[in-house]
Amino acid sequence: MTKLKTKLIHGGISTDQTTGAVSVPIYQVSTYKQNALGQPKDYEYSRSGNPTRHALEALIADLEEGVQGFAFGSGLAGIHTVLSLFEPGDHIIMADDVYGGSFRLMDKVFSKLGIRYDLVDMSDLSAIEVAFKPETKAVYVETPSNPLLKILDIEKIAGLAKEHQALTLVDNTFATPYLQRPLTLGADVVMHSATKYLGGHSDVVAGLVVAKSHELAERIAFLQNSIGGVLGPQDSWIVQRGIKTLALRMEAHSKAAMKIAEFLEGHPAVAKVYYPGLASHPGHEIAKKQMATFGGMLSFELVDEGAVKGLVEGLSYFTLAESLGGVESLIEVPAVMTHASIPKDIRESIGIKDGLIRLSPGIEDLDDLLDDLKTGLEGI
Ligand SMILES: Cc1ncc(COP(=O)(O)O)c(C=O)c1O
Ligand SMILES: N[C@@H](CCSC[C@H](N)C(=O)O)C(=O)O
């Protein structure tokens, strides 16, 4: 079987069938000449299908080991399309610590359409069991989670969902298919903000979705075309190019995150570190089982919450910015930035404290990154 590192380069559609070009060209086009009335060629209109986007969709399906991939104009556009599978009256069990925008989409958009949800701490399997209702149609998982790096057991959760005839939807943004493949663990749909590690260079906003079955793929294809939030050809090409170096980048990000987590865990100014690679992390054993390495993201709290502003504004190589997964290191405060869309009481109940700091180490020299943090922590 072809190894994943090879698939990153040769998977899906990786060359141009017509010219032999070794990267799929950017088909910057909206429509296609038809052979005769009612006889289109392979493509008819670029919302319905575009060769550059199709190459990316085939690649992500290959990497995630699903039957069909779909590319969208953002991660949330992809999640929106997946949640559009459900109907008024349906109920979804959602992990309590999901990306703030995914929570907002459920809470402010789909709730209004009559789709109900409950937030559940899915690291407690018995809590999931209790949350099932006759109307539960899906379990929505994010692991590792944003921003607390909670690890959820995909295989066990998918098993429970199946017993209740519910789908398992997994946001695999933090792990990427290089570290974890949810469809092979029993999930039905995988979602990505390709804006992050898949794109990898903080230069594109994109979303990817992969279905495990033909039946689901058909329904998602219908919704993708009907709703229309597709990714353009230029951005499809950028994401496909990013994916080619995913293996090298994920190895570097994971190594940096591990070293930084160990450094922070031993620092007297740091109260708590959230990184699944640490033996102290409650999800460490599950992460070992379902991930190839522990990933590139970590969060931490300072002993003195009042020092957060000084630290995050004062570093040289960690840029204060939302987003993650790029080659450059980023730092942010979820309560004020990426997760501000979650009401404070809910944020606090799930453990996102105002002083929580999230790091996305890039691929700079690791000693420079460690020195930067060391100097920053000395200065607070
Ligand atoms: C885990 C996760 N899922 C989904 C999204 C949404 O992606 P996008 O910003 O590409 O819409 C994000 C970030 O925005 C995220 O961090
Ligand atoms: N201001 C944005 C928040 C973007 S968060 C981006 C990314 N998911 C991250 O976690 O850094 C919004 O309100 O949507």
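Position 1 is the first residue of the sequence; numbering continues from there. Numbering of ligands and ligand atoms starts at 1, following listing order.
Residue Asn146 holds the heavy atom nearest to atom 16 (O) of ligand 1 of all those in Thr143, Thr173, Ile79, Asn146.
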- Item | side chain to side chain contact (heavy atoms under 4.5 Å, CB included) between Tyr43 and Ser48, worked out | CA-CA 8 Å; Tyr43 297 93; Ser48 312; over 6 Å; no
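Listed by atom number, the atoms of ligand 1 under 4.0 Å from Leu76 heavy atoms are 6 (C), 7 (O), 8 (P), 11 (O). Atoms of ligand 1 lying under 4.0 Å from any heavy atom of Thr195, numbered from 1 in the order shown and given with element: 8 (P), 10 (O). Within ligand 1, counting atoms from 1 as listed, the ones closer than 4.0 Å to a heavy atom of Ala206 are 10 (O). Near Lys196, with a cut-off below 4.0 Å to any heavy atom, the atoms of ligand 1 are 7 (O), 9 (O), 12 (C), 13 (C), 14 (O), 15 (C), 16 (O). For ligand 2 and Lys196, the ligand atoms under 4.0 Å from any heavy atom of the residue are 7 (C), 8 (N). Shown in contact with Ser74 at under 4.0 Å from a heavy atom are these atoms of ligand 1, numbered in order with element: 10 (O), 11 (O).
No hydrogens or angles considered: nothing links the side chains of His192 and Asp171 as a donor-acceptor pair under 3.5 Å. Under the 3.5 Å distance criterion, with hydrogens and angles disregarded, a donor-acceptor pair is assigned to the side chains of Gln224 and Glu57. For the residue pair Glu328/Tyr317, the side-chain donor-acceptor check at 3.5 Å is not satisfied.
The protein heavy atom nearest to atom 6 (C) of ligand 1 is Tyr99 CE2, 3.6 Å. The closest protein non-hydrogen atom to atom 3 (C) of ligand 2 is Glu322 OE1, 3.3 Å. In terms of protein heavy atoms, atom 5 (S) of ligand 2 is closest to Tyr99 OH, 3.2 Å. The nearest protein atom to atom 3 (N) of ligand 1, hydrogens excluded, is given as Asp171 OD2, 2.6 Å; this is a heavy-atom distance.
Look at Ser323 and you'll find a heavy atom under 4.0 Å from some atom of ligand 2. Assignment of Arg358 to the shell around ligand 2 is supported, since a heavy atom sits closer than 4.0 Å.
Between Phe294 and His284, the ring planes lie parallel to each other; the angle is under 30°, not in the 30° to 60° tilted range.
The cluster map of Ile, Leu, Val, Met, Phe, Trp and Tyr, joined by side-chain heavy atoms under 4.5 Å apart, puts Ile13 and Val239 in different clusters.
At a 3.5 angstrom cut-off on N or O pairs, Arg104 counts as close to ligand 2. The distance criterion of under 3.5 Å between nitrogen or oxygen atoms is not met by Leu324 with respect to ligand 1. For a threshold of 3.5 Å applied to N or O pairs, the pair formed by Glu142 and ligand 1 contains no separation below that value.
Centroid-to-centroid, the aromatic rings of His281 and Tyr275 stay 6.0 Å apart or farther. Aromatic ring centres of Phe72 and His80 lie farther apart than the 6.0 Å criterion allows.
At a heavy-atom cutoff of 4.0 Å, ligand 2 is contacted by the side chain of Asn146 but not by its backbone.
To the nearest 0.5 Å, atoms OH (Tyr117) and CG (Leu83) are separated by 12.0 Å. In this structure, Asn172 CG and Thr143 OG1 are separated by 8.5 Å, a value rounded to the nearest 0.5 Å. To the nearest 0.5 angstrom, Lys156 atom NZ is 15.5 Å from Met122 atom CE.
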